[in-house]
Amino acid sequence: MRRTDGLFTRRERRIAILAAVLVIVITALALITGGLFHPSTGTGGAGGYGFADLPGVTDARPLG
């Protein structure tokens with residue numbers, strides 16, 4: 001039986017705060033390390049893609 005009219009117990013509040021801190025730490029680490037480990041931009045990978053002009057196709061330009 002509960003002794004207080006509160007919505008959560010002290011233990012539940014402590015667990016919620018710990019979970020929030022853990023989420024913040026994991027998010028911060030992901031943001032920090034995300035800038036350190038990028039895929040290679042050599043001949044392969046996402047950085048290797050480019051756009052080539054198609055033969056017989058001209059760029060759209062305004063008239064005048």
Query raised in the report: CG of Leu22 to CD1 of Ile17: how many Å apart, nearest 0.5 Å?
Result: 13.5 Å
Report summary line: Apart from Ile15 itself, its cluster of hydrophobic side chains linked below 4.5 Å comprises none
Requested in this report: List for me each residue that meets side chain to side chain contact (heavy atoms under 4.5 Å, CB included) alongside Val25, sequence neighbours excluded, and say none if there are none.
Outcome: Val21, Leu29
**Report entry** Pairing residues for Arg14 by the side chain to side chain contact (heavy atoms under 4.5 Å, CB included) criterion, not counting sequence neighbours
**Finding:** none
